[in-house]
Engineer: 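Please see the structure below; I have some questions.
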Amino acid sequence: MKLLTATSVTQGYRDNDFDWCVEGELVHIGVVCARDRDDPDGGCGCGRSFAGLNSHRATTTAMVREVPGFTEDDYVEAIRSSLEQQGYDPSFAEHEAAGLRTLVREWPVGAIVERRLNEIVVRQVVQP
Ligand SMILES: [Zn+2]
């Protein structure tokens, strides 16, 4: 299935890009703190970043990748355990997984996306 993953590809396109995630790890769209709530280019950075499910770090660039053998149940479980590890309510996992699947549905594998608060937009499409 197609999944949203961390990538360093296109880093530097924006002056305030950063990538502290592990290349290829699954990411989700984390909560934005009060400081960056109205500004995707704010001082914290959470309004323009995706959160790594394993590293619990952040990146401003994510890639749509085809991950063979991964099921919808695996995806829910990956998000559930990540939320739990970080002290969030894991009962949101199913809802989050559904939202992320819907998000990537229309994008090709190799699409690099960026986040502007609640909007996720394609920055570029590369050969995966
Ligand atoms: Zn923040």
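Throughout, residue positions are numbered sequentially from 1 according to the sequence presented. Side chains are part of it too, since the values below use all heavy atoms of this structure and drop only hydrogens, waters and symmetry mates. Every number for a ligand or one of its atoms is a count from 1 in the order of the listing.
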Engineer: Short of 2.8 Å from the Zn ion (ligand 1), name each protein N/O/S atom, waters not counted.
Structural biologist: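 Only C33 SG, C44 SG, C46 SG fall inside 2.8 Å of the Zn ion (ligand 1).
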Engineer: Heavy-atom count around F18 CZ within 6.0 Å, excluding the residue itself: above 12?
Structural biologist: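 Counting other residues, nucleotides and ligands, CZ of F18 exceeds 12 neighbours.
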Engineer: Strictly below 4.0 Å, N to O, side chains only: are R48 and D39 in salt-bridge contact?
Structural biologist: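 Salt bridge absent between R48 and D39.
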Engineer: Salt-bridged, R116 to E119, with N to O below 4.0 Å?
Structural biologist: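 Judged by the 4.0 Å cut-off on N to carboxylate O distance, R116 and E119 do not form a salt bridge.
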Engineer: Apply side-chain contact (heavy atoms from CB on, under 4.5 Å) to residues L103 and L4 and explain how you reach the verdict.
Structural biologist: CA-CA 9 Å; L103 186 68; L4 201 57; 4.3 Å; yes
Engineer: Is the shortest side-chain N to carboxylate O distance from E114 to R14 below 4.0 Å?
Structural biologist: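 Yes, this pair counts.
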Engineer: Does R65 come within less than 4.0 Å of E25, counting only side-chain N to carboxylate O?
Structural biologist: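 Not counted as a salt bridge, because no side-chain N and carboxylate O are separated by less than 4.0 Å.
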